[in-house]
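Have a look at the structure below before the remarks.
In what follows, residues are counted from 1 in the order of the sequence shown.
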Amino acid sequence: MSLFSQRPFSDRTASWLQQSGLHPLLARLYAARGIDKPEELSLDLKQLLSPVELKNCISTAALLADILERKESMLVVADYDCDGATACAVALRGLKMLGGPDTPIQFLVPNRFTMGYGLTPEVVDLAAQQNPKPKYLITVDNGIASEAGVDRARELGMEVIVTDHHLPGDRLPKATAIVNPNQPGCSFPSKALAGVGVMFYLLVALRAELRKRGKFTAETQPKIESLLDLVALGTVADVAQLDRNNRILVSNGLKRIRTGVSQAGIQALFQAAVRDPRKANTFDLGFAIGPRLNAAGRLADMTLGIRLLICDQPEEAIELAYELDRINRERRVIEGGMQEAALAHLAEDQLAGTMAERSSICLWNAEWHQGVVGIVASRLKERFNRPAIVFAPADGAGGEELRGSGRSLTGFHLRDALDIVSKREPGLILKFGGHAMAAGLSIRKADFEKFDAVFQQVANGLLNDELLERRHIHDGPLDLSEFTPETGDLLAEEIWGQGFPQPIFYGEFEIGQQSLMKEKHLRLQLRPIGIGPLASKPFTGVWFNHTQSLPAKAKLAYSLVTDHFQGQARVQLMIEAHDEA
């Protein structure tokens, strides 16, 4: 069952925001998203939270300043997703800026299929073989759960600086320094920083430390803010909560992309995705640019993606971006086959028909690709509105180990749920980690059915009917006068995303002609009802991955965008849901 309800807001707050100069529609939308003071509207870089409250950030910056002065060798250990890749590029570029072009620094990305996630002992052994052997390992977007890896590094005479944002386990690794807003005792007000955001903050603190040491002045210091396009991409692609601090980072990163001063690699990715960087928005970062970069880590090696992000030659960047585009197309084909197989399996086991009796979905298949399980889990979660974990055989484990990726619902903390499973059945999960909404884990193939049963028990205890009901929260109706290309452009310029959702409107429409695009997307002609006279011309609506036709009149939840096809600006309604009540 689906429930539709309007996101509440205060008329008084909306009026106050409007009086401060905000567009009336944005005033209503911002008020509904918890903005209640005009000063909160500013996304100027000067409004960023200070690094001082980020635990260990200042002391770690001082350590890095010493390392740069001594010209000691460093190696950045990255994660193989978009956040990890951008964090690695920010670290490499930023440390070179602050230490000079001859700063000895390398990078390494674990192969997700043979080494798994994070700073494992195997990754440390590989790092120790680099020439020169690094004195310091710097993790980005990983490391907070890498106890064994940090211990191995110390055995081999290397020190570890952890920069991460993931939730810690019961014990912290014995690293030389840890910078993570989610570690115990950290008072940093924003716990939503992505891995790339944590690295950016450390560089800001490092620049201040070097300025204090007289290496440069406020006028001559390197422009660390030139890395904000990378910070914006990693933050949005990692689906980080867009609290005000993250919106400041993303907003300023998008400004760089829109004005044509972003990294060559990001410009090349926009070209490969056939997107206009002058109109760049968070949708582009999350659904066009991010997936192409992520494809390298899913099917190949994220080294390719990092090479693109640290490349300064436009010709080389274009070549790498189109290779990533090719890999992403391959990923789509694999994903489509896996999703079809998953739905067939659910139908065979009659799970789909009895989903009302289940609180979770767990699946595995010997033919599935380890790099794509997270996307398929996300698709199943969206389709059935249940936490979903999808497994594939782990490479290099003799076929006896499964590696899974899960996606969750708001209100069900997936990493905490896995922690409960591990405590109820010690040894059932070999290793796990992640966030509230996404997590990864490994289990023995022989234990899959037991894991499914225990995870289902935990989900049954933590979820209730209210959380499992599909809810469509909308922003109410638009006035007829707001169905304009200008409204679409206005909305596209704002910073929407996780925790600050893109506006979804609601209203009744007269449905005209309906047809299918590519046999799987519904295209229809719509005229709004009840908000004035019928529009003289119908608006085009598109409902992706929906083939069932609608009645002559329907109540719809939709977003409004502007289609700039062939130089003509037209309103287009992207249908999200049909209220059958």
Side-chain angles (χ1 to χ4, degrees), residues 1-9 14 24-26 28-34 239 242 281-283 286-287 378-379 381-386 409-411 466-485 487-492 494 496-517 520-532 534-535 538-563 570-581:
M1 179 180 176
S2 296
L3 298 177
F4 289 74
S5 59
Q6 182 171 347
R7 189 175 281 109
F9 69 95
L25 176 58
L26 292 181
R28 169 161 69 95
L29 297 173
Y30 272 42
R33 285 155 180 76
V239 201
L242 292 188
N281 56 38
T282 49
F283 182 88
F287 295 95
S378 181
R379 300 288 187 262
K381 183 266 294 188
E382 290 166 6
R383 185 181 183 106
F384 295 105
N385 204 49
R386 298 289 187 275
L409 310 173
T410 300
E466 184 177 349
L467 290 172
L468 291 172
E469 285 177 327
R470 191 180 298 279
R471 292 175 174 270
H472 298 284
I473 310 299
H474 58 78
D475 291 289
L478 283 173
D479 292 333
L480 188 59
S481 62
E482 293 172 320
F483 283 82
T484 65
T487 298
D489 288 339
L490 176 76
L491 296 173
E494 299 302 306
W496 313 111
Q498 185 72 21
F500 205 80
Q502 177 189 10
I504 299 295
F505 304 104
Y506 179 84
E508 188 171 13
F509 292 85
E510 186 179 274
I511 311 294
Q513 182 180 350
Q514 303 184 55
S515 59
L516 287 181
M517 302 186 302
K520 60 179 182 178
H521 310 304
L522 184 64
R523 180 186 177 91
L524 54 165
Q525 301 299 309
L526 303 168
R527 282 190 170 91
I529 298 174
I531 54 174
L534 279 179
F539 300 109
T540 298
V542 176
W543 196 345
F544 285 115
N545 299 310
H546 184 93
T547 57
Q548 187 176 350
S549 60
L550 295 175
K553 290 183 181 180
K555 294 178 180 177
L556 303 174
Y558 63 93
S559 59
L560 186 146
V561 300
T562 300
D563 180 17
R570 302 178 181 86
V571 168
Q572 191 167 76
L573 308 183
M574 312 306 292
I575 311 305
E576 299 288 332
H578 170 212
D579 188 352
E580 300 178 15

Could you pull out all residues at least two apart from [X] that satisfy side chain to side chain contact (heavy atoms under 4.5 Å, CB included)?
| X | result |
| --- | --- |
| Ala492 | Asn281 |
| Thr484 | Glu486, Thr487 |
| Ser378 | Glu382, Arg407 |
| Val571 | Pro485, Phe539, Leu560, Leu573 |

Nearest 0.5 Å, what's the NE2-CG distance between His521 and Asn545?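 So the gap between those two atoms works out to 5.5 Å.
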
CZ (Phe509) and CG (Leu524) are apart, to the nearest 0.5 Å, by 9.5 Å

Residues forming a side chain to side chain donor-acceptor pair (under 3.5 Å) with [X], sequence neighbours excluded:
| X | answer |
| --- | --- |
| Thr562 | none |
| Asp489 | His564 |
| Tyr30 | Glu494 |
| Asp475 | Arg7, Arg33 |

Against Ile575, only a single residue in Leu522, Leu526, Val542 fulfils side chain to side chain contact (heavy atoms under 4.5 Å, CB included); can you say which?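 With Ile575 as partner, Leu522, Leu526, Val542 yield a single side chain to side chain contact (heavy atoms under 4.5 Å, CB included), made by Leu526.
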
Between Trp496 (side chain only) and Leu491 (backbone N and O only), is there a donor and an acceptor less than 3.5 Å apart? yes

Which residues pass the salt bridge (Lys or Arg N to Asp or Glu O under 4.0 Å) test with Arg383, not counting sequence neighbours? none

Suppose we screen for salt bridge (Lys or Arg N to Asp or Glu O under 4.0 Å). Which residues come up paired with Arg523, at least two apart in sequence or across chains?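 Counting only residues at least two positions away or on another chain, Arg523 forms no salt bridge (Lys or Arg N to Asp or Glu O under 4.0 Å).
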
List the residues meeting ring-ring contact (aromatic ring centres under 6.0 Å, His included) with Phe283, not counting sequence neighbours, and say none if there are none. Phe287

